[in-house]
**Q** 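Have a look at this one.
Nothing here was measured: the structure is a model prediction, and the numbers come from that model.
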Amino acid sequence: MKKIVFSIVLIAVLSCNSNRNSGRFISETDTTFSEEIRAISLKINSNPNDAELYYKRANTFYFEKKYNDAILDFETAISINPNQALYHYKCAESLISMDSTNSNKTKEHLIQAIKIKTDYPEASFLLAKYYLARQEYDKSIELLKPLTSQIDFSDNAYVLMSIAFKEQKDTVSAKKVIENALLKNPENFNAVMQKTLFLYQSNDPTTEQWASKAVRMNEFNDEALYTYALVMQQKEKYAVAIEYYDRAIKVNPNHILAHYNIAVIQSLFDNYEESIDWCKKTLDLESNYANAHCLIGYNQEKMGNKKAALLSYKTALSINPALELAKEGIKSMN
């Protein structure tokens, strides 16, 4: 009889152990983790089947920008409670924060979140951004359209729709939609930037006004600074252009076009050696930037070094056989 009772107890214990969650174990004494992570881990270690605890620890990891750790805990929370839409959404958000916009996991979690909670604008907006990054424009626009009527998402939904139309070369629709974004929120920075770019492309006289507004809204945004510099260069205000290209580079040292455009301006003023220096800085960032090789060739030609110029022009054409400036450079030396 004792053996039978013992066997029943043993089976019960094994059964309970088999149902225990196999989530990541973190010791509450492991000082390689933050105090908050250790405090939540203490609770998890006492109750390893509580999905909400894993969610809370994952969220803490997320705000600490430890996205791999966050994803592990979000996935554990999902394995315990797969019907919580928020867990799927936050897991997808972590994947995107790791630049995993091409991950099928991102899409799967967002689709599942929306399936569980049909009225989930945050998940719909993030999925629209995912599709936009994947160049699945129709799917992105389909998700964005209903969001344009929601106060918290309206202007940003219009901005993404504008980008989707723009990428499809539908400039008319893109311009119309960006105006809707600005009607909803005149202080939407991304909408102002898109409007500025449209005006720049059409040589509109109000471009400078809008470019200046973008810089005032965010003076530490490299694209706003670069765009204003571009407008100044177009207006032949070269000193101002260089100032703002330099500011853009200080914010983003890897801004290839800001480096290159300073090289172009230096060449315009016959500062050939300085222009070459800026071209080389550009090529340090992107070795296959054909225009920089071509501009080096032009500067070398002006300095009388035709042999080096010819080699630079040929290098540019080996990268981009359709580059007319390089072709013209070679013709000019024949």
**Q** Apply side-chain hydrogen bond (donor to acceptor under 3.5 Å, both in side chains) to Tyr313 and Glu301, showing your working.
**A** CA-CA 10 Å; Tyr313 286 139; Glu301 183 182 354; 2.7 Å; yes
**Q** Report the residues that fulfil side-chain hydrogen bond (donor to acceptor under 3.5 Å, both in side chains) with Thr196, sequence neighbours left out, ordered by chain and then residue number.
**A**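 For Thr196 there are no side-chain hydrogen bond (donor to acceptor under 3.5 Å, both in side chains) partners, ignoring immediate neighbours.
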**Q** Sequence neighbours excluded, which residues qualify as side-chain contact (heavy atoms from CB on, under 4.5 Å) partners of Asp277?
**A** none
**Q** Could you give the distance from CG (Leu147) to OG (Ser149), rounded to the nearest 0.5 Å?
**A** 7.5 Å
**Q** Let me have the donor-acceptor pairs involving side chains of residues 223-236, under 3.5 Å, with sequence neighbours excluded, atom names and distances please.
**A**
from   : atom 1 : to     : atom 2 : distance (Å)
Glu223 : OE2    : His255 : NE2    : 2.9
Tyr226 : OH     : Asn261 : ND2    : 3.3
Thr227 : OG1    : Glu223 : O      : 2.7
Gln233 : OE1    : Tyr245 : OH     : 2.5
Gln234 : NE2    : Asn203 : OD1    : 2.7

**Q** Could you list the residues that satisfy salt bridge (charged side-chain N to carboxylate O under 4.0 Å, His left out) with Lys65, not counting sequence neighbours?
**A** none
**Q** Taking Thr118 for its side chain and Ile114 for its backbone only, find out whether a donor-acceptor pair lies under 3.5 Å.
**A** no
**Q** Shared ILVMFWY cluster between Leu268 and Tyr244, side chains joined below 4.5 angstrom?
**A** yes
**Q** Above 12 or not: heavy atoms from other molecules or residues under 6.0 Å from CD of Gln201?
**A** yes
**Q** Using the test ring pair (Phe, Tyr, Trp, His ring centres under 6.0 Å), find all partners of Phe165 that sit at least two apart in sequence or belong to another chain.
**A** none
**Q** Keeping the roles fixed (side chain from Asn288, backbone from Ile319), state whether a donor-acceptor pair exists under 3.5 Å.
**A**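 Pair absent, no side-chain N/O of Asn288 close to backbone of Ile319.
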**Q** Using atom types as modelled and distance alone, determine if a side-chain donor or acceptor of Thr315 lies under 3.5 Å from a backbone N or O of Leu311.
**A**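 Yes, Thr315 side chain to Leu311 backbone: donor-acceptor pair under 3.5 Å.
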**Q** Is it true that Lys43 and Glu28 have a side-chain N and a carboxylate O under 4.0 angstrom from each other?
**A** no
**Q** Is Val240 reachable from Ile262 through a run of hydrophobic residues whose side-chain heavy atoms are each under 4.5 Å from the next?
**A** yes
**Q** Is there a side-chain contact between Thr106 and Leu110 in this structure, where contact means two heavy atoms from C-beta onward sitting under 4.5 Å apart?
**A** yes
**Q** Quick one, Lys281 with Glu286, criterion salt bridge (Lys or Arg N to Asp or Glu O under 4.0 Å). Give me CA distance, side-chain angles, the key distance, then yes/no.
**A** CA-CA 9 Å; Lys281 290 175 183 178; Glu286 177 51 71; over 6 Å; no
**Q** Check the surroundings of atom NZ in Lys166: do more than 12 heavy atoms from other residues, nucleotides or ligands lie under 6.0 Å from it?
**A**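 Correct, the count exceeds 12.
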**Q** Using modelled atom types and a 3.5 Å cut-off, is there a donor and acceptor pairing between side-chain atoms of Ser212 and backbone atoms of Gln209?
**A**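 A pair under 3.5 Å: no.
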**Q** Is Asp246 salt-bridged to Lys250, cutoff N-O under 4.0 Å?
**A**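 Here Asp246 pairs with Lys250 in a salt bridge, since their nearest N and O are under 4.0 Å apart.
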**Q** How about Ile80 and Ile78: do any of their side-chain heavy atoms sit closer than 4.5 Å?
**A**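 No, side chains not in contact.
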**Q** Are the charged groups of Glu273 and Lys302 less than 4.0 angstrom apart, N to O?
**A** no
**Q** Under 30°, 30 to 60°, or over 60°: which ring-plane class applies to Tyr238 and Phe269, parallel, tilted or perpendicular?
**A**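 Perpendicular: the ring planes of Tyr238 and Phe269 meet at over 60°.
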**Q** How would you list all residue pairs meeting ring pair (Phe, Tyr, Trp, His ring centres under 6.0 Å) that involve residues 283-307, not counting sequence neighbours?
**A**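 Sorted pair list: Tyr260-Tyr289.
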**Q** For the residue pair Leu127 and Ile111, establish whether any side-chain heavy-atom pair is separated by less than 4.5 Å.
**A**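 Touching, per the 4.5 Å side-chain cut-off.
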**Q** Can you tell me how far apart NZ (Lys195) and CG (Asn190) are? Round to the nearest 0.5 Å.
**A**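 It comes to 15.5 Å.
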**Q** Side-chain heavy atoms under 4.5 angstrom apart, residues restricted to Ile, Leu, Val, Met, Phe, Trp, Tyr: same cluster for Ile71 and Phe63?
**A** yes
**Q** Less than 4.5 Å apart, any side-chain heavy atom of Asp119 and any of Gln150?
**A**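 The answer is yes; the side chains approach within 4.5 Å.
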**Q** Is there a donor-acceptor pair under 3.5 Å between the side chain of His88 and the backbone N or O of Glu108?
**A**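 Checking the backbone N and O of Glu108 against the side chain of His88, no donor-acceptor pair under 3.5 Å is found.
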**Q** With sequence neighbours excluded, what pairs up with Glu122 under the salt bridge (charged side-chain N to carboxylate O under 4.0 Å, His left out) test?
**A**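 Glu122 satisfies salt bridge (charged side-chain N to carboxylate O under 4.0 Å, His left out) with no residue once adjacent residues are dropped.
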**Q** Look only at the side chain of Ser332 and the backbone of Gly329, and say whether a donor-acceptor pair between them is shorter than 3.5 Å.
**A** yes
**Q** So does Lys327 have more than 12 non-hydrogen atoms from other groups sitting under 6.0 Å from NZ?
**A**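 Counting neighbours around NZ of Lys327, more than 12 heavy atoms of other residues, nucleotides or ligands fall under 6.0 Å, so yes.
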**Q** Yes or no on side-chain hydrogen bond (donor to acceptor under 3.5 Å, both in side chains) for Arg24 and Thr76, after CA distance, side-chain angles and deciding distance?
**A** CA-CA 8 Å; Arg24 180 185 182 188; Thr76 301; over 6 Å; no
**Q** Could you tell me whether the side chain of Thr207 and the main chain of Leu199 form a donor-acceptor pair under 3.5 Å?
**A** yes
**Q** Give a yes or no on this: more than 12 heavy atoms of other residues, nucleotides or ligands lie within 6.0 Å of atom CD of Glu142.
**A** no
**Q** Less than 4.5 Å apart, any side-chain heavy atom of Met217 and any of Met193?
**A** no
**Q** Suppose the criterion is ring pair (Phe, Tyr, Trp, His ring centres under 6.0 Å): which pairs have a residue in residues 190-215, not counting sequence neighbours?
**A** none
**Q** List for me each residue that meets ring pair (Phe, Tyr, Trp, His ring centres under 6.0 Å) alongside Tyr120, sequence neighbours excluded, and say none if there are none.
**A** Tyr89
**Q** Which atom pairs, donor and acceptor, lie under 3.5 Å between side-chain atoms of residues 32-40 and protein residues at least two apart or in another chain?
**A**
from  : atom 1 : to    : atom 2 : distance (Å)
Thr32 : OG1    : Asp30 : OD1    : 2.5
Thr32 : OG1    : Asp30 : OD2    : 3.4
Ser34 : OG     : Ile37 : N      : 3.2
Ser34 : OG     : Glu64 : OE2    : 2.6
Arg38 : NH1    : Phe33 : O      : 2.7

**Q** Strictly by modelled atom types, are Asp270 and Tyr272 linked by a side-chain donor-acceptor pair under 3.5 Å?
**A** yes
**Q** Answer yes if Val177 and Ile163 sit in the same cluster of Ile, Leu, Val, Met, Phe, Trp and Tyr residues linked by side chain heavy atoms under 4.5 Å apart, and no otherwise.
**A** yes
**Q** Would a 4.5 Å heavy-atom cut-off, applied to side chains only, mark Trp278 and Ile265 as touching?
**A** no
**Q** In the single-linkage hydrophobic clustering (I, L, V, M, F, W, Y; side-chain heavy atoms under 4.5 Å), do Ile242 and Ile249 co-cluster?
**A**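 Result: yes, single cluster for both.
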**Q** Can you tell me which residue pairs pass the ring pair (Phe, Tyr, Trp, His ring centres under 6.0 Å) test with a partner in residues 64-85, sequence neighbours excluded?
**A** Tyr55-Phe74, Tyr62-Tyr67
**Q** Keeping the roles fixed (side chain from Ser267, backbone from Ala263), state whether a donor-acceptor pair exists under 3.5 Å.
**A**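 No, the answer is negative, given that no donor and acceptor are paired below the 3.5 Å cut-off.
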**Q** Can you sort out the partners of Glu136 under salt bridge (charged side-chain N to carboxylate O under 4.0 Å, His left out), two or more places apart, ordered by chain and number?
**A** Lys139
**Q** Quick one: pull up CD in Glu179 and OG in Ser162 and give me the separation to the nearest 0.5 Å.
**A** 9.5 Å
**Q** Does this structure show an ion pair linking Glu324 with Lys331, if we count only N-O contacts that are shorter than 4.0 Å?
**A**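 Salt bridge flag = no for Lys331 with Glu324.
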**Q** Using a 4.5 Å cut-off on heavy atoms from C-beta on, say whether the side chain of Gln168 contacts that of Asp138.
**A**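 Result yes, sub-4.5 Å side-chain heavy-atom pair found.
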**Q** Show your reasoning for whether salt bridge (Lys or Arg N to Asp or Glu O under 4.0 Å) applies to Glu93 and Lys90.
**A** CA-CA 5 Å; Glu93 193 176 40; Lys90 291 297 293 185; 2.8 Å; yes
